Structure formats: structure tokens, C-alpha cells
Amino acid sequence: MEQIRRYADLARSDRSDLDAVLDAAAVGTLSTVVDGLPWVVPILYARDGDRIVLHGSTGAGALRHVADGAPVAFSVTMLDGIVVADTLFDSTANYRSAVVRGRLAAFSGDGAVDALDLLSDALIPGRSSEVRTHTKKELAATLAIALSIEPGCWTVKVRDAPPPAPSSASGDWAGVVPLRTVAGEPEPAPWVGEGVPEPESVRRLVAAVGVMPPQMKHSDSMLSI
């Protein structure tokens, strides 16, 4: 793990901590430099053992650039709560974050098929077994790539704590406002016939994420991260 100098007390050093953060999210940020300029893109991903699997369009020049071995940084952040302290200075957030640095390698042939199935099943568990496989045209248009997780090339930070205690009792409220991701009821596409049930993969996804309370479904005041 790379040395963390700022807020080093929040750093986690076990590889299991990195895996836990990566497995808890579905979207990360891929960064590199292209033609001397920064390039950053949000991207869906899945961890597969010691590598992070990503995909994109073969028509994206910057993505082909990183697939050819340009150095990259991949980051994930999840906001778990707003920490409300008795001062603005001490107010902060509870969060989990990870950064992995390295170089990407492209999949080909059956490896690309397996990588794309893995990505689909990470987002919608079991979906790849419910639909047809990828066509040659789809595979030709899609770039499947992986970032190896190497020792010394990653960092993890986790803050999961209340605000610091005030220096003197004020009687004011302080604490944490938790934030979480929840699933709403599945909404069928306009062309789906009435009474067609959701596939098992969708029901499994909703169960895994957690269902939004009915009274909050249409509330503009609900904050869901």
C-alpha cells in the first residue's frame, strides 16, 4: 500500500479492506493523461480477484490509449453519512474510498466474453444466464480491459465515526446523518406487456440493495447516495 500522509489515521492497510470497498460499489473513476491533458471518466466495473474489470467502446480513443498500457489511476468513493459537529470546522463526512494505480490490459476472444459476463452479473446478479450471449458485432464494438491490483499500488481510507466531542459542553445536537443506496420498485419498459414478471436477476438485485420505503418513493426531501 502506498504511504498516506494526509489523515493517515483513516488509512487501512489490509488487502481485505481494499476488496471490501471495491466490492461495495459499482461505479468508479478512471483517470490518465492523454496528449498532455488530464482525462477522467466515470465507469462501471467489477472486481475479479486481483484485477478490476472495466469496459467501454472501441471507438473511444482515450480508452484505447489506456488499453495500450498507459498508466492509470482508478478511484472509488462512497459517501456513508454527513457528520454534524458543533462547529463547521469539525463537521465532515463518513466515507469509504480506494485508489488503485497501474496499467490496463485488454481481453480478447473468450476472455472478453467472460469479462463482459462478469460485469453484467456484478451489476445484475445472474443476468448473463437469462439472455443470449454477445454477438460478434457487439464484441467488436466493446473493449474489455482489466487493471491488476499490485502490492504497493493502492490506498484505502475509511471514516466511520461520530463527530469529535466538543471542548466544552454546549447542549447543542451533534451526530451523523446516515446515507444509503436503496432500490425502488422495478419499472417495466413501455413495450413490456402487462403481467410479465420481472426476471429472477432483477428480483435478486432489488433484494440485495434493499427496497425504498413506500412513503419515501416520491419525496423530494429524501437524500439517497
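All values reported here derive from a predicted model rather than from experimental measurement. The residues of the chain are indexed from 1 along the displayed sequence.
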Looking at every non-hydrogen atom in both residues, tell me the closest pair between [X] and [Y] and how far apart they are.
X      : Y      : result
Val84  : Trp173 : CB-CZ3, 3.8 Å
Val206 : Pro186 : CG2-CG, 3.9 Å
Arg103 : Gly69  : NH1-O, 2.6 Å
Leu116 : Ala144 : CD2-CB, 4.2 Å

Tell me if the CD atom of Glu138 is crowded by more than 12 foreign heavy atoms within 6.0 Å.
yes
Taking the side chain from [X] and the backbone from [Y], do they hold a donor-acceptor pair closer than 3.5 Å?
X      : Y      : result
Ser31  : Val40  : no
Glu130 : Ser201 : yes
Arg47  : Gly49  : yes
Ser75  : Val99  : no
His55  : Ala112 : no

Find the distance between OG1 (Thr92) and CZ (Arg159) and round it off to the nearest 0.5 Å.
5.5 Å
Hey, is Arg204 close enough to Asp121 for a salt bridge, meaning N to O under 4.0 Å?
no
